[in-house]
S.K.: 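A single structure is presented below for examination.
In the text below, chain A, chain B and the rest are named by the order of the sequence lines, each starting its count at 1.
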Amino acid sequence: MIWKIHFDMMSNMAKQIWISDIQDGNYDDSEVEIKGWIHRFRGSKKIWFMVIRDSTGTIQCVIKKEIVGEDVFNLLRNSLTESSLVIKGIVIQTDREHGRELQVTSGKIIGSVNPEKPYPITESAMEEAEGGETEFLLDKRHLYLRTSRMTKMLKIRSSVFSAIHSFFRDLDFIEYQAPNFVAGAVEGGSTLFEVPYFGRKAYLTQSWQLYAEAAMPALERLYTIAPSFRAEKSRTRRHLTEFWHAEMEVAWASNEEIMNYGEKLVRHISSSLIDERSAELEAVGRDLDKVSKFADMTFPRMKYDEAIEILQSKGVDVEWGQDLDYSKEKILTQDFEVPNFLTHYPKIAKPFYHRADPDDDKYVLCHDLLAPEGYGEIIGGGERTWTEKEILERIDEEGTPRDAYEFYIDIRRYGGVPHGGFGLGVDRVCAWLSGADHIREVIPFPRDSRRVTP
RNA sequence: GCCGACAUAGCUUAGUUGGUGGAGCGGUGGACUGUUAAUCCACAGGUCGCAGGUUCGAGUCCUGCUGUCGGCGCCA
């Protein structure tokens with residue numbers, strides 16, 4: 001009974017027709033009711049034009065006083081941008097600019113806009129702000145989400161998330177959740193957000209990995225998409241303090257095999273976007289041929305030592321043993337058409353959980369995937385140090401206290417196996433595949449060292 | 001943590017060697033029967049980020065503060 005009442009209410013409010021369906025020609029010459037928001041308007045005393053927006057697109061509505069009558073005409077004519085409404089009309093095909101139009105027969109305003117506080121985001125607010133990165137638009141982010149560029153970015157983002165889930169689930173991976181409150185660091189100690197925790201200190205997690213390794217002997221193939229937090233005061237177009245991290249962990253796997261998963265995942269995301277979001281990609285200015293290459297071409301692999309040689313041959317001042325910072329990454333990737341793997345970093349440049357190369361223990365079995373066009377590192381991963389003896393040696397070498405990693409060491413004490421995994425920066429992938437100028441363009445409410453609002 | 005810029009109406013901005021701040025968009029009123037970033041006329045809207053200083057006089061010059069933006073390091 002209660003269910004039925006609820007259902008009836010829902011069916012009254014539920015939207016029947018989307019604007020994209022009308023523009024696709026499914027309702028030509030018939031009367032339809034659409035629900036949406038006023039995007040733009042113009043007109044005269046007897047005829048009024050409103051472009052109505054919903055989540056799927058826009059359509060121009062033609063309102064003639066002689067058809068709708070004076071009351072409805074004046075009501076609609078006096079309504080401002082972003083008023084919400086329900087409007088009825090006949091779908092007519094025209095050869096004018098915006099495809100089909102609605103010859104309006106009636107309409108009512110649902111949520112009005114006060115003329116004393118009109119919608120603040122105007123054309124001029126955006127003309128100097130490709131991508132919406134002015135201070136004003138960042139302050140009005142909750143309203144900026146409605147603009148067509150941001151809507152397209154959010155749709156692209158949704159497809160990236162969906163592609164990651166389908167990739168892992170099609171391979172029978174188990175989705176597995178780790179806590180976001182943690183007691184210690186995964187990487188260096190300086191990047192943790194400290195939060196009060198009932199009189200103690202806790203931290204926001206930087207990575208799912210350590211907890212995933214705990215479940216590796218139980219699930220063998222596991223993945224997640226979850227936020228990670230890093231308290232770095234980074235001021236670049238590639239960094240957020242809260243970012244979405246797609247991570248995976250596999251038992252019985254080598255660095256080589258983990259890389260194969262990473263390459264297939266990134267190519268799968270690229271081809272999914274081509275299938276699902278070509279229109280959106282083009283609308284935000286991305287060249288589809290480039291994205292197709294990311295989907296179709298194999299990703300070259302290069303050892304750290306080769307990268308150093310290439311850089312030195314180009315006259316870059318770099319010594320063996322240094323981690324490759326962004327300025328060097330950029331020089332290395334500037335001629336790339338597709339992402340490239342960089343493997344076998346010196347042990348001294350990487351943390352203890354990376355497994356030393358049995359062939360030459362100056363190196364570790366790890367990989368970074370560097371995106372082309374300066375978008376930076378999109379994957380970091382590798383084989384884990386998996387025996388008790390080796391993990392204790394590596395922890396001691398780094399001077400890290402063992403206590404903090406007791407549970408991590410325990411995993412090796414009870415049936416340790418070779419295993420590995422990687423972390424992929426989902427927001428970075430979204431920025432790269434959409435060709436965004438800044439990582440903020442692809443996440444609804446970006447968080448960085450200077451901004452936590454709105 | 002380091003380096004570099006910027007701050008004028010709701011928004012985007014002009015503002016000369018220091019002499020009482022202009023425009024476009026948006027808003028309000030009006031004109032126009034097919035516009036499409038509509039057009040045209042009129043009106044309203046500003047402690048020039050904050051606090052000091054120099055000067056007869058500061059949006060403009062100097063100092064400090066705050067906020068924001070960009071770049072580096074760190075990484076996804």
S.K.: With heavy atoms under 4.0 Å as the rule, sort A/Asp323 into base, sugar-phosphate or nothing.
M.R.: sugar-phosphate

S.K.: Looking at A/Glu377 and A/Arg238, does any basic side-chain N land under 4.0 Å from a carboxylate oxygen?
M.R.: no

S.K.: Under 4.0 Å between a side-chain N or O of A/Arg440 and OP1 or OP2 of B/rC69?
M.R.: yes

S.K.: Taking atom P in both B/rC43 and B/rG24, compute the distance separating them and give it to the nearest angstrom.
M.R.: 12 Å

S.K.: Roughly how far apart, to the nearest Å, are B/rG70 and B/rG29 at atom C1'?
M.R.: 44 Å

S.K.: Mind checking A/Val62 for me? I need base, sugar-phosphate or nothing, with any heavy atom below 4.0 Å counting as a touch.
M.R.: base

S.K.: Which is true for A/Glu247 with a 4.0 Å heavy-atom rule: it touches a base, it touches only sugar-phosphate, or it touches nothing?
M.R.: nothing

S.K.: How close or far is atom P of B/rU36 from atom NE2 of A/His39, stated in whole angstroms?
M.R.: 15 Å

S.K.: Answer with base, sugar-phosphate or nothing: what part of the nucleic acid does A/His438 contact at a heavy-atom distance below 4.0 Å?
M.R.: sugar-phosphate

S.K.: Of A/Asp368, A/Asp323, A/Asp357, which is the lone residue that meets side chain to side chain donor-acceptor pair (under 3.5 Å) with A/Tyr345?
M.R.: A/Asp368

S.K.: Taking any heavy-atom pair under 4.0 Å as a contact, classify A/Phe136: base, sugar-phosphate, or nothing.
M.R.: sugar-phosphate

S.K.: Both distances below 3.5 Å, Watson-Crick or wobble geometry, any strand: find the nucleotide opposite B/rG18.
M.R.: none

S.K.: If the test is side chain to side chain donor-acceptor pair (under 3.5 Å), which one of A/Glu249, A/Glu247, A/Arg169 qualifies with A/Tyr223?
M.R.: A/Arg169

S.K.: Find the distance between CD1 (A/Ile443) and CZ (A/Arg157) and round it off to the nearest 0.5 Å.
M.R.: 4.5 Å

S.K.: Between A/Lys293 and A/Asp287, is there a salt bridge with N-O shorter than 4.0 Å?
M.R.: no

S.K.: Do the side chain of A/Arg237 and the base of B/rC69 come within less than 3.5 angstrom through a donor-acceptor pair of N or O atoms?
M.R.: no

S.K.: Roughly how many Å is it from CG in A/Asp448 to C1' in B/rC74, rounded to a whole number?
M.R.: 15 Å

S.K.: Starting at NZ of A/Lys350 and ending at P of B/rA76, how long is that distance when rounded to a whole Å?
M.R.: 7 Å

S.K.: Touch check for A/Gly43, heavy atoms < 4.0 angstrom, all strands: base, sugar-phosphate only, or nothing?
M.R.: base

S.K.: Where the side chain of A/Ser234 is defined as all heavy atoms beyond and including C-beta, which of B/rG27, B/rA31, B/rC74 is the nearest nucleotide?
M.R.: B/rC74

S.K.: Give none if B/rC43 has no partner; otherwise give the nucleotide forming a Watson-Crick or G-U wobble pair with it, both distances under 3.5 Å.
M.R.: B/rG27

S.K.: What is the nucleic acid contact for A/Phe41, judged by heavy atoms within less than 4.0 Å: base, sugar-phosphate only, or nothing?
M.R.: sugar-phosphate

S.K.: Answer yes or no for this row: A/Tyr326 ring on B/rG73 base, centroids under 5.5 Å, planes under 30°.
M.R.: no

S.K.: When rounded to the nearest Å, what value does the distance between C1' atoms of B/rA44 and B/rA38 take?
M.R.: 23 Å

S.K.: For A/Phe168 together with A/Tyr261, are the ring centres under 6.0 Å from each other?
M.R.: no

S.K.: Atom CG of A/Leu192 and atom P of B/rC75: how far apart are they, to the nearest Å?
M.R.: 14 Å

S.K.: Measure from CD1 on A/Ile47 to P on B/rA38 and round the result to the nearest Å.
M.R.: 15 Å

S.K.: Select base, sugar-phosphate, or nothing to describe what A/Thr236 touches, counting heavy atoms under 4.0 Å on all strands.
M.R.: base

S.K.: Please work out if A/Leu240 contacts a base, only the sugar-phosphate, or nothing of the nucleic acid, heavy-atom cut-off 4.0 Å.
M.R.: base

S.K.: Contact class for A/Arg238 vs. all strands (heavy atom < 4.0 Å): base, sugar-phosphate, or nothing?
M.R.: base

S.K.: What's the closest nucleotide to the A/Thr122 side chain, out of B/rG26, B/rC72, B/rU33?
M.R.: B/rG26

S.K.: The side chain of A/Asp325 lies closest to which of these nucleotides: B/rG73, B/rC69, B/rG34?
M.R.: B/rG73

S.K.: Is any side-chain N or O of A/Arg42 closer than 4.0 Å to OP1 or OP2 of B/rU39?
M.R.: no

S.K.: Using a cut-off of 4.0 Å on non-hydrogen atoms, how would the nucleic acid contact of A/Gln60 be classed: base, sugar-phosphate, or nothing?
M.R.: base

S.K.: Pick the P atom in B/rG59 and in B/rG71, then give their distance to the nearest Å.
M.R.: 34 Å

S.K.: Tell me which nucleotide among B/rG67, B/rG1, B/rU33 gets nearest to the side chain of A/Lys233.
M.R.: B/rG1

S.K.: Between A/Lys45 and B/rU33, does any side-chain N or O lie under 4.0 Å from OP1 or OP2?
M.R.: no

S.K.: Taking any strand in view, what nucleotide pairs with B/rU68 in a Watson-Crick or G-U wobble way, both distances under 3.5 Å?
M.R.: B/rA5

S.K.: Expressed as a whole number of angstroms, how long is the span from A/Arg450:CZ to B/rU66:P?
M.R.: 11 Å

S.K.: For B/rC75, take OP1 and OP2 only and decide whether either is under 4.0 Å from a side-chain N or O of A/Arg230.
M.R.: no

S.K.: Starting from the 5' end of RNA chain B, give me the residue, A/Arg40 or A/Trp48, whose nearest nucleotide shows up first.
M.R.: A/Trp48

S.K.: In whole Å, what separates the C1' atom of B/rG15 from that of B/rU20?
M.R.: 14 Å

S.K.: Expressed in angstrom and rounded to an integer, what is the separation of A/Gln23 atom CD from B/rU36 atom P?
M.R.: 18 Å

S.K.: Looking only at side-chain N and O atoms, does A/Arg451 come under 4.0 Å of OP1 or OP2 in B/rC69?
M.R.: yes

S.K.: Does A/Gln103 reach a base, just sugar-phosphate, or nothing at all? Heavy atoms under 4.0 Å.
M.R.: base

S.K.: Between A/Arg440 and A/Asp427 (salt bridge meaning N to carboxylate O under 4.0 Å), is one present in this structure?
M.R.: no

S.K.: Pick the P atom in B/rG49 and in B/rU60, then give their distance to the nearest Å.
M.R.: 8 Å

S.K.: Going through the distances and angles, do A/Phe229 and A/Tyr203 end up as a ring pair (Phe, Tyr, Trp, His ring centres under 6.0 Å)?
M.R.: CA-CA 9 Å; A/Phe229 304 89; A/Tyr203 305 90; over 10 Å; no

S.K.: With a 4.0 Å cut-off, would you call A/Arg451 and A/Asp139 a salt bridge?
M.R.: yes

S.K.: Quick one: does A/Glu232 reach the base of B/rG1 with a side-chain donor-acceptor pair under 3.5 Å?
M.R.: no

S.K.: Looking only at side-chain N and O atoms, does A/Thr94 come under 4.0 Å of OP1 or OP2 in B/rG34?
M.R.: no

S.K.: Provide the distance between the two C1' atoms, one in B/rA76 and one in B/rG46, to the nearest whole Å.
M.R.: 45 Å

S.K.: Could you check whether A/Ile378 gets within reach of a base, just the sugar-phosphate, or nothing at all, counting any heavy atom under 4.0 Å?
M.R.: sugar-phosphate

S.K.: Touch check for A/Lys64, heavy atoms < 4.0 angstrom, all strands: base, sugar-phosphate only, or nothing?
M.R.: base

S.K.: With a 3.5 angstrom cut-off on both distances, give the Watson-Crick or G-U wobble partner of B/rC61, or none if there isn't one.
M.R.: B/rG53

S.K.: Both distances under 3.5 Å, Watson-Crick or G-U wobble: report the partner of B/rC74, or none.
M.R.: none

S.K.: Write down the distance between CD1 (A/Ile439) and C1' (B/rC74), rounded to a whole number of angstrom.
M.R.: 14 Å

S.K.: Under a 4.0 Å N-O cut-off, is there an ion pair linking A/Asp305 with A/Lys362?
M.R.: no

S.K.: Given the structure, check if the side chain of A/Arg235 and the base of B/rG70 hold any donor-acceptor pair shorter than 3.5 Å.
M.R.: yes

S.K.: Using atom P in both nucleotides, what's the gap between B/rG18 and B/rG57 to the nearest angstrom?
M.R.: 15 Å

